[in-house]
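Read the structure below first, then the notes.
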Amino acid sequence: MKPIISVAIGQVKIDKNNNKNYQKIKTLTSQASKNGADIICFPECIFSRIDKPAEKKDLAWLKKICLTNKIIVLINGYFIDNGSIKNRTYLIAKNGKILGHYDKIYPSKKEIGKIKRGEEIKVIETEIGKIGLITCWDIFFPNLIENLKKKGAEIIFCPSFW
């Protein structure tokens, strides 16, 4: 029998000021950990904006938050990779190690022409099970969900802006 896991949702109003969002992330992650959550999932775009992608120092800060609070964090934002902006979701372990990431495959209208689409779905092995990742508009393409299930996903997260 699989163990029961506790999932916290970081449901917040996203601010245009990334520093305010970071404070919300820090506070909610700490609260979720204190309340016994195994993982906390934040909404799409909380970590950075398309016009101000996150930097490596921002990701290093988040890894420290995971380590300090001993909780898995699932977070989304815009990141630059090989010169292209990507709408990326990271899954970070309790020890601060990045377990994996997923790049959104189906961009929204406001993202078309501004971001590089992802090319593959991801199922990531974690201590709480195999986690499948998609983002926002991806939910409208059931073949992605079906393929995540075929790849062994036991839990599927879909951070969304709406």
Side-chain angles (χ1 to χ4, degrees), residues 7-33 35 37-124 126 131-141 144-145 148 153 155-162:
V7 177
I9 304 298
Q11 188 62 38
V12 296
K13 181 178 180 187
I14 298 171
D15 200 293
K16 288 187 178 191
N17 179 335
N18 282 352
N19 291 331
K20 288 184 180 178
N21 291 332
Y22 290 2
Q23 186 55 48
K24 292 173 187 177
I25 292 165
K26 184 177 179 181
T27 300
L28 291 172
T29 301
S30 175
Q31 287 174 350
S33 177
N35 288 327
D38 298 298
I39 185 170
I40 182 167
C41 178
F42 287 98
E44 180 186 27
C45 305
I46 192 169
F47 201 60
S48 57
R49 300 185 325 261
I50 199 165
D51 62 337
K52 192 175 188 302
E55 299 176 20
K56 287 184 180 181
K57 67 178 173 75
D58 301 316
L59 203 51
W61 170 83
L62 184 59
K63 290 164 67 176
K64 236 185 246 188
I65 295 295
C66 296
L67 183 58
T68 301
N69 292 288
K70 302 291 185 232
I71 189 170
I72 301 168
V73 172
L74 189 133
I75 199 147
N76 175 278
Y78 294 98
F79 295 85
I80 296 178
D81 184 19
N82 292 328
S84 298
I85 297 174
K86 299 193 177 186
N87 180 323
R88 179 168 284 175
T89 300
Y90 277 102
L91 189 59
I92 305 171
K94 293 177 182 182
N95 65 4
K97 178 183 174 197
I98 294 175
L99 297 172
H101 70 272
Y102 167 76
D103 294 328
K104 185 178 186 179
I105 293 175
Y106 294 103
S108 67
K109 287 180 184 178
K110 75 171 187 146
E111 293 173 320
I112 294 174
K114 295 179 182 175
I115 70 166
K116 182 171 169 107
R117 291 174 49 164
E119 297 177 3
E120 64 179 302
I121 59 170
K122 301 273 178 104
V123 175
I124 302 167
T126 74
I131 295 178
L133 301 174
I134 58 172
T135 306
C136 197
W137 285 106
D138 292 340
I139 197 85
F140 293 105
F141 298 87
L144 294 180
I145 306 291
L148 286 170
I155 307 165
I156 298 173
F157 284 96
C158 181
S160 182
F161 191 76
W162 40 270

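As a basis for the values below, the full set of heavy atoms in this structure was taken, side chains included, without hydrogen atoms, waters or symmetry mates.
- For the pair I139 and I145, the minimum side-chain heavy-atom distance is below 4.5 Å.
- Sparse packing is recorded around NZ of K109, with 12 or fewer heavy atoms of other residues, nucleotides or ligands lying under 6.0 Å away.
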Side chain to side chain contact (heavy atoms under 4.5 Å, CB included) assessment of L28 paired with F42: CA-CA 9 Å; L28 291 172; F42 287 98; 4.1 Å; yes
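- Across all non-hydrogen atoms, the minimal contact from T29 to I25 is OG1-O, 2.6 Å.
- Nearest heavy-atom pair, G10 versus I40, reported as atom, atom and distance to 0.1 Å: N-CG1, 4.0 Å.
- The list of side-chain hydrogen bond (donor to acceptor under 3.5 Å, both in side chains) pairs with a residue in residues 38-48, not counting sequence neighbours, reads E44-N87, E44-K104.
- Partners of Q23 under the side-chain hydrogen bond (donor to acceptor under 3.5 Å, both in side chains) rule, at least two apart in sequence or in another chain, are T27.
- Taking N95 as the reference, nothing meets the side-chain hydrogen bond (donor to acceptor under 3.5 Å, both in side chains) condition, with sequence neighbours excluded.
- With sequence neighbours excluded, the residues forming a ring pair (Phe, Tyr, Trp, His ring centres under 6.0 Å) with F141 are Y106, listed by chain and number.
- Residue pairs satisfying the ring-ring contact (aromatic ring centres under 6.0 Å, His included) criterion with at least one member in residues 63-88, sequence neighbours excluded, are listed as follows: F47-F79, F79-Y90.
- Here the straight-line distance linking atom CG of L144 with atom CD1 of I134 works out to 6.5 Å at 0.5 Å rounding.
- For the atom pair SG (C41) and CD1 (I72), the distance works out to 12.0 Å, reported to the nearest 0.5 Å.
- Considering only residues two or more places apart in sequence or on other chains, N17 meets the side chain to side chain contact (heavy atoms under 4.5 Å, CB included) condition with D15, N19, K20.
- Shown here are the side-chain hydrogen bond (donor to acceptor under 3.5 Å, both in side chains) partners of T89, two or more places apart in sequence or in another chain: N76, T135.
- Note that CD1 of I65 is 10.5 Å distant from CD1 of I92, once rounded to the nearest 0.5 Å.
- Residues L74 and P159 are in side-chain contact: their nearest non-hydrogen atoms beyond the backbone lie under 4.5 Å apart.
- Across every non-hydrogen atom of L148 and G132, the tightest pair is CD2-CA, 3.9 Å.
- Under the side chain to side chain contact (heavy atoms under 4.5 Å, CB included) criterion, P43 pairs with V12, I14, I46, sequence neighbours left out.
- Atom NZ of K94 has more than 12 neighbouring heavy atoms from other residues, nucleotides or ligands inside a 6.0 Å radius.
- The OG atom of S108 lies 9.0 Å from the NZ atom of K114; values are rounded to the nearest 0.5 Å.
- Heavy-atom minimum distance, K122 versus H101: NZ-O, 3.1 Å.
- Atoms OG and CD1, on S33 and I39 in that order, are 13.0 Å from each other to the nearest 0.5 Å.
- Legend: side-chain hydrogen bond (donor to acceptor under 3.5 Å, both in side chains) pairs involving residues 61-74, not counting sequence neighbours: none detected.
- In this structure, the separation between CG on L91 and CG on L133 is 6.0 Å, given to the nearest 0.5 Å.
- In this structure, K24 has no salt bridge (Lys or Arg N to Asp or Glu O under 4.0 Å) partners at least two apart in sequence or on a different chain.
- R88 places no side-chain N or O within 3.5 Å of a backbone atom of D103 that could act as its donor or acceptor partner.
- Applying the side chain to side chain contact (heavy atoms under 4.5 Å, CB included) rule to S160 yields the partners C136, W162; only residues at least two apart in sequence or on another chain are considered.
- Residues V123 and I121 have side chains not in contact (no heavy-atom distance under 4.5 Å, counting atoms from C-beta outward).
- Every residue two or more places apart in sequence or in another chain that forms a side chain to side chain contact (heavy atoms under 4.5 Å, CB included) with A37 is listed here: S6, A8, A32, I71.
- Residues I105 and G118 approach most closely at CG1-O, 3.7 Å, considering heavy atoms.
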